[in-house]
Amino acid sequence: MPDKKEIINLLEDIADMMEFKGENIFKVNAYRNGASSIRKAGEDIEQLIKAKKLDEVKGIGKGLQSVIYEYVNTGKSLLYEELKKSVPEGFKELLKVRGLGSKKIKILFDELGISNLGELEYACKENRLGLLKGFGEATQQKILKEIEKIKTYGKFILLNKAGEISDEILKRLSGLKPVLRIAVSGQERRGLEIISELRFVLAVSDKRLFLSELKKIFSFSELTSNLSGKEKGNKILISNGFQVPVIFSILEEENNFCKEMFLTTGSDEFLSGLKIDSSKITGKNEKEIFDSINFPYVIPEMREKEYFEIQNRVLHDKNKELLENSDLSVDHFKGLLHFHTNYSDAQNTLTEMLETAQKTGFEFAAVCDHSKSAAYANGLSEERVLLQKEEIKKLNAKFKLQILQGIESDILQDGSLDYSNDFLKNFDFVVASVHSRFNMEEEEMTKRIIKAVENPYTNLLGHPTGRLLLSRDAYKVNMEKVIDACASNNVAIEINANPHRLDLDWRLIYFARGKGCLFSINPDAHSAEEISYIKYGVLIGRKGGLKFEEVINCFSVEDFRNYLGDKRKGKSLGRRS
DNA sequence: GCCGTTTTCGGCCCGACTGTTTTCAGTCG
């Protein structure tokens, strides 16, 4: 049976294709709304489908039900198949170009016969778009730029996607008989925010047997370039359409496992910065390996090219000998901050989110739904904020974990938040985030955000640069000035742990720490499942060398309440150490 | 196509931005 995600994709694809064909826009939106109803319906939607009870779901009427049931029963949809025939073959990839919607794609298809990304690029370079109605030179240039971006983005995957692929590979290979040991190495082990290659280290008892077993699962080729003698033929490249290369280092002796892990975790710049003779590296674990090269142990996440650069700065500034390792782990987390519920645009109810939070081991939680000006996300009017407050009161009596009421308040164009200061008093915790007007000039955007940071009720600056990895650039903003403002106004900085964001960028964490800022690592969860995103934020925090005392989620609930209380009283509260 | 209901059909989120065109269509969040 197709899963929930496939059904959502089906309905959204149908909507896009109908729009291309010029169907009534309200009919198109009915399919879009249907997809969003399914998305918000929680995991039991698959049960509802099995029990043929889709009519209980708001937004799924007779028409959509028959499409979904047909798809579930036959694995196909006639409507979908029919529509597919009338759109260009590369319709979906064309839709990925920012600025192109179905209307413009239709013009391109009808007038110039453009049916995929390659043809579009060619037509732009031939300067053929300017002649079309609604298109001009600026559009043509913008499209070319977007195509360039799409090509670059295509070489990377997000950290969570990398995790999915790795898990699958580990699952398949750890069951093979000759495999003695296998581990993830490389960029993923370093917790890099976008991944261009996956690496594994394997120790096997019998390489020939292993390769013949491997052939049954993956197709692969041996990598022999830049290798010599004994190493030759020990690296193989799996080519099974994983979007990024997957490289295995295969060892026939288990005792070199850690050395190979060390050498493949990298990065290349970090390793060469150590200035070591790799033949002298020995050790049963990585601590011993660092001992053998006479260099203090560095955690995998911090082994980046920036390491020496930052170390030099730290050495120079603070007279410290070496950069300290991060000690942060998910085990330190007590507070779940910044998550959403179906009060605004998330899938799960407040109760469901809290149940998961409690089960995960959190001691307190601050729900932060969208605020009133976020109409696209069903943001909370003042009235609904108070309704939620009532529910929280009741739930606090039921739950062991303490529940606070927060809000993710939109930063308006002029830098004010979208509730009055008088009303903001209602919240225990205020996250201020930019969700609109991303295209301001740097100076204006910087002023806007600093004004929000200076609001006496702001506790946290949410996803500070607004970037969406492999999709949307950060807005233009002077982060150094913003960080200064956060430091002097006791506003913590978010490390948004959603794998699409991972924002604040870890490279800026060092700078912010130097200013004495505190941080908050948050899943920005829009479903109970997404609470687990915290693990990606922890990797990013570790890359930034964070100590757990610098992360407000790791405070005890008393310390957290005091921290918030002190801010309200206007007391200065810097880094706790 | 879905919903709500004055049960037979009208309204569907909406405002801002961009690049066009010269008052607006298309896209986006």
Side-chain angles (χ1 to χ4, degrees), chain A residues 10-41 54-70 77 79-80 83 94-111 124 129-146 340 344-345 370-381 384 408 410-414 418 433-441 444-445 448 462-463 466-468 471-473 475-476 498 500-501 524 526:
Chain A
L10 173 78
L11 298 180
E12 284 179 341
D13 288 349
I14 289 176
D16 289 337
M17 293 190 291
M18 278 182 166
E19 195 176 19
F20 177 88
K21 277 194 77 181
E23 274 281 8
N24 179 307
I25 191 64
F26 296 110
K27 184 173 167 183
V28 171
N29 282 338
Y31 278 85
R32 296 216 168 106
N33 293 337
S36 118
S37 299
I38 301 273
R39 182 178 284 118
K40 285 183 189 162
L54 269 181
D55 51 344
E56 290 175 14
V57 183
K58 203 180 156 198
I60 311 288
K62 287 212 171 68
L64 270 75
Q65 280 174 45
S66 73
V67 171
I68 296 171
Y69 289 138
E70 179 199 9
S77 156
L79 174 63
Y80 176 91
L83 285 166
L94 288 171
L95 267 180
K96 284 187 190 149
V97 179
R98 275 180 188 273
L100 282 191
S102 50
K103 298 272 169 65
K104 288 207 161 128
I105 294 174
K106 181 150 176 54
I107 295 173
L108 292 168
F109 183 57
D110 290 347
E111 302 295 320
C124 287
L129 262 56
L131 304 169
L132 301 174
K133 190 172 189 301
F135 290 79
E137 178 57 23
T139 308
Q140 190 164 269
Q141 287 311 316
K142 202 180 150 202
I143 288 174
L144 270 178
K145 248 189 191 166
E146 288 297 323
H340 298 267
S344 60
D345 62 344
H370 286 286
S371 57
K372 67 173 176 183
S373 51
Y376 56 88
N378 191 23
L380 273 60
S381 63
R384 293 177 63 222
E408 184 179 20
D410 268 26
I411 299 175
L412 302 178
Q413 184 166 22
D414 67 352
D418 62 346
S433 305
V434 170
H435 284 120
S436 59
R437 281 166 250 202
F438 301 118
N439 290 328
M440 289 178 156
E441 286 309 310
E444 203 188 350
M445 184 62 99
R448 173 187 180 190
H463 43 74
R467 75 175 181 192
L468 293 177
S471 156
R472 187 179 72 202
D473 289 341
Y475 29 72
K476 286 176 250 157
N498 185 312
H500 290 274
R501 295 189 184 268
D524 197 354
H526 283 69

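Numbers restart at 1 for each chain; the letters A, B, ... are given by sequence-line order, proteins then strands. In this text, all values refer to a predicted model and were calculated from it rather than measured experimentally.
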When the [atom1] atoms of [M] and [N] are compared, how many Å lie between them, rounded to an integer?
N      : M      : atom1 : result
B:dT20 : B:dG15 : P     : 25 Å
B:dT5  : B:dC12 : P     : 15 Å
B:dC28 : B:dC13 : C1'   : 13 Å
B:dT8  : B:dC3  : C1'   : 13 Å
B:dC17 : B:dG11 : P     : 29 Å
B:dG26 : B:dT21 : P     : 13 Å

Taking CD from A:E23 and P from B:dC2, how many angstroms apart are they, rounded to a whole number? 13 Å
Could you check how far CD of A:Q141 sits from C1' of B:dT18, rounded to whole Å? 16 Å
So, is [X] close to the [N] phosphate, meaning a side-chain N or O under 4.0 Å from OP1 or OP2?
X      : N      : value
A:R98  : B:dG29 : yes
A:T139 : B:dT18 : no
A:K104 : B:dG26 : no

NZ (A:K372) with more than 12 external heavy atoms under 6.0 Å: yes
Out of [options], which has the shortest distance to the side chain of [X]?
X      : options                : answer
A:N439 : B:dC2, B:dC28, B:dC17  : B:dC17
A:A138 : B:dG19, B:dG26, B:dC12 : B:dG19
A:A30  : B:dC3, B:dG1, B:dG26   : B:dG1

Base, sugar-phosphate, or nothing: which does A:K62 touch, judged by heavy atoms less than 4.0 Å apart? sugar-phosphate
Can you list every pair that meets salt bridge (charged side-chain N to carboxylate O under 4.0 Å, His left out) and has a residue in residues 17-31 of chain A, with sequence neighbours left out? A:E19-A:R32, A:E23-A:K27
Approximate separation, where rounding is to 0.5 Å, of A:S102 OG and A:I107 CD1: 10.0 Å
Both A:Q140 and A:K103 contact DNA chain B. Which one's nearest nucleotide lies toward the 5' end? A:Q140
Using heavy-atom distances to pick each residue's nearest nucleotide on DNA chain B, tell me which of A:E19 and A:N33 is more 5'. A:N33
Verify salt bridge (Lys or Arg N to Asp or Glu O under 4.0 Å) between A:E444 and A:R437, making sure each step is shown before the conclusion. CA-CA 11 Å; A:E444 203 188 350; A:R437 281 166 250 202; over 6 Å; no
Any side-chain donor paired with an acceptor under 3.5 Å for A:H370 and A:N378? no
Provide the Watson-Crick or G-U wobble partner of B:dT8, both distances under 3.5 Å; none if there is no partner. none
